[in-house]
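Along the sequence shown, the residues carry numbers beginning at 1. A quick note: this is a predicted structure, and the numbers were derived from the prediction, not measured.
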Amino acid sequence: MSEKKQPGIWEGFKAFLMRGNVVDLAVAVVIGAAFTNIVNSVVKGIINPLVGAIGTKNLDSYSTCIKDPCTGSGDTATGVRILWGSVLGATLSFVITAAVVYFLMVLPMAKYLARVEARRKAKESTHEVIEVTELEVLKEIRNELVAQRGQGRAQD
């Protein structure tokens, strides 16, 4: 009887790390972290000043008091406040992030992949046309040879 050797923990861990999905995920996390800085800069440098033209640059200051007296801010605040400004700011950041990712990454990649697929299909259809043409030529040659043999036998 031969015993099968179970892979060790280290070998299993190495196999897990070497899978393509893990490496792709790690790259995505690093790119995402770097991309966060860009989005935050866009929000702070463009969106917040535009919102500031209407109200204030700091959306966190917008709130609604649902139980009086609402005085103070931070830890010294009294009353019950709904801080809808911070929710609005986070929502704007999310929408901006999603739009930038879509328009600068997803859409161009989808167009590129569509072009590559169209080229591949065009190349395959051209190849099929060439094969059909070659097949037709071979059939014509065969028919011609059969006709010549028939004529040769008729003369004998």
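No side-chain heavy atom of Leu138 sits less than 4.5 Å from a side-chain heavy atom of Arg142. Side-chain atoms of Leu145 and Gln148, non-hydrogen and from C-beta on, do get closer than 4.5 Å to each other.
Exactly one of Ile31, Val29, Val30 qualifies for a side chain to side chain contact (heavy atoms under 4.5 Å, CB included) with Val27. That residue is Ile31.
Taking both residues in full, the closest heavy atoms of Ser86 and Leu83 are given as OG-O, 3.0 Å, listed atom of the first, atom of the second, then distance.
Interatomic distance, CG of Leu113 versus CE of Met109, reported as 6.0 Å (0.5 Å rounding).
A salt bridge between Arg120 and Glu117 is present, with a side-chain N of the basic residue lying under 4.0 Å from a carboxylate O of the acidic one.
Ile38 and Val106 fall within a single hydrophobic cluster, where Ile, Leu, Val, Met, Phe, Trp and Tyr are joined by side-chain heavy atoms under 4.5 Å apart, directly or via other members.
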